[in-house]
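Everything on this sheet refers to the single structure shown next.
What's counted below: heavy atoms across the whole structure, side chains too, no hydrogens, waters or symmetry copies. This structure is a prediction, so every number in the text was calculated from the model and none was measured. Both counts, for ligands and for their atoms, begin at 1 and track the order of listing.
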Amino acid sequence: MKTQIEADGQRENSTPRIVIITGANSGIGRAAAMQFARAGHTVIMACRSPQRAEPVRREIVDTTGNRAVSIMEVDMSSRDSVRAFASEFTARYPRLDVLIHNAAYLSHGDTWRVSPDGIEIAFATNVAGPFLLTHLLLDWLQRSEDARILHAGSNIIKHYFNPKTELDLTTLREEPVGQRPAPVYHRYRRSKIALLMLTFVMARKLEPLGVTVNCLEINGARMSPETLAKMTLPYRIIGRIQNIFFRPPEYMANSYVQITTADRFRGVTGHNFNDKQEPMKPGSSDGTPLKQQLNNVFGTTHYPDFADNSELQETVWTACQESTGLASAVV
Ligand SMILES: NC(=O)c1ccc[n+]([C@@H]2O[C@H](COP(=O)([O-])OP(=O)(O)OC[C@H]3O[C@@H](n4cnc5c(N)ncnc54)[C@H](OP(=O)(O)O)[C@@H]3O)[C@@H](O)[C@H]2O)c1
């Protein structure tokens with residue numbers, strides 16, 4: 001029987017769900033795991049280090065009294081690891097209701113790095129891994145009456161309001177030559193615009209299957225000392241300053257819970273939501289060029305319509321297929 005509970009001033013549907021959250025051992029993923037557990041859902045913390053995740057799992061179980069919280073190991077940048085995770089999950093659970101692709105490589109300032117499969121690490125972790133895992137769990141998602149996928153986006157995509165910014169996916173296997181080595185920050189923003197495009201394509205393809213796919217544009221959540229420690233000094237300093245203004249991770253985690261469980265989002269698909277859980281619109285807001293510019297940088301109502309370019313969306317889809325070896329993707 002469905003009951004309604006109040007959560008942070010909003011109504012959520014408390015029908016028990018089976019929920020996977022990648023990267024649930026820290027930051028927003030950790031806060032979300034706590035909130036889903038508190039609401040009585042079954043939570044699978046999909047983490048690359050069971051050692052780092054276990055104290056968090058224990059804390060969640062002790063705090064919420066919900067024992068249905070488990071850890072399953074996965075390295076989202078590795079095809080073999082994602083495949084092993086999917087096999088184990090499907091052997092252990094009868095269906096999947098909620099899949100939250102929260103994990104991300106965001107070691108800003110890091111230099112060129114590739115995944116175990118030789119793919120640029122930010123794209124491999126933040127885009128190709130989610131693409132592969134979603135495909136491998138598609139049958140299990142279709143066993144749910146109300147399957148929802150959520151991608152953790154970023155307001156870093158605002159760079160794509162600049163018409164000079166391009167999406168170059170030809171350099172996923174080799175470091176671009178003849179250019180100043182770009183820090184991973186640039187590749188991170190490429191991965192997040194690609195993830196938004198993937199959201200739109202995936203939503204269209206999965207709609208007939210009854211699976212919704214949305215993105216949440218995260219515009220800042222306080223970063224943990226561990227996350228800051230992964231960044232080089234200049235980015236760490238910027239991160240510490242940003243943390244003064246950022247909200248705690250629980251705030252964004254609440255949007256994860258709402259978008260993937262609340263009745264008002266049932267059947268809603270193909271959106272980029274802002275932190276108020278409102279669908280953002282493509283393009284710039286109305287007004288003078290100055291007002292538009294300011295809104296592009298500071299606003300939360302619009303995303304660059306760059307992401308709506310269907311040719312580029314196809315390029316992202318193809319890059320995902322090539323990076324994962326899923327040449328004939330199921331959908
Ligand atoms: N915080 C912000 O201001 C902000 C802004 C915009 C977008 N976002 C997005 O929000 C999401 C959560 O960020 P956060 O701030 O909560 O960061 P976080 O605390 O650093 O969490 C990231 C998580 O991803 C995991 N991870 C990284 N690489 C992985 C891999 N290959 N396989 C499996 N897990 C992996 C990390 O695990 P380890 O502990 O093992 O490293 C960690 O648990 C990310 O998608 C991020 O891009 C955050």
task: Return yes if a side-chain donor-acceptor contact under 3.5 Å exists between Asn274 and Tyr303, otherwise no.
output: no

task: List every atom of ligand 1 that sits less than 4.0 Å from any heavy atom of Ser77, numbering the atoms from 1 in the order shown and giving each element.
output: 31 (N)

Sub-4.0 Å heavy-atom contact, Lys192 with ligand 1: yes

- line: Numbered in order shown, the ligand 1 atoms found under 4.0 Å of a heavy atom of Ser26 are 18 (P), 19 (O), 20 (O), 21 (O), 42 (C), 43 (O)

field: Atoms in ligand 1 flagged as close to Gly23, the criterion being non-hydrogen separation under 4.0 Å
entry: 23 (C), 24 (O), 25 (C), 43 (O)

N/O separation below 3.5 Å, Tyr256 to ligand 1: no

Minimum-distance protein heavy atom relative to atom 44 (C) of ligand 1: Asn102 O, 3.1 Å

field: Donor-acceptor side-chain pairing of Thr301 and Asn295 below 3.5 angstrom
entry: yes

Test side-chain hydrogen bond (donor to acceptor under 3.5 Å, both in side chains) applied to Tyr93 and Ser70, step by step: CA-CA 12 Å; Tyr93 294 92; Ser70 55; 3.0 Å; yes

message: For the residue pair Asn126 / Ser191, report whether a side-chain donor-acceptor contact shorter than 3.5 Å exists.
response: yes

message: Just to confirm my output: which protein heavy-atom neighbour is closest to atom 47 (O) of ligand 1, and how far is it?
response: Tyr188 OH, 2.6 Å

task: Give the contacting part of Met76 toward ligand 1: side chain, backbone, both or neither, where contact means a heavy-atom distance below 4.0 Å.
output: both

statement: Numbered in order shown, the ligand 1 atoms found under 4.0 Å of a heavy atom of Ser154 are 6 (C), 7 (C)

Numbered atoms and elements of ligand 1 in range of Met223, under 4.0 angstrom, heavy atoms: 1 (N)

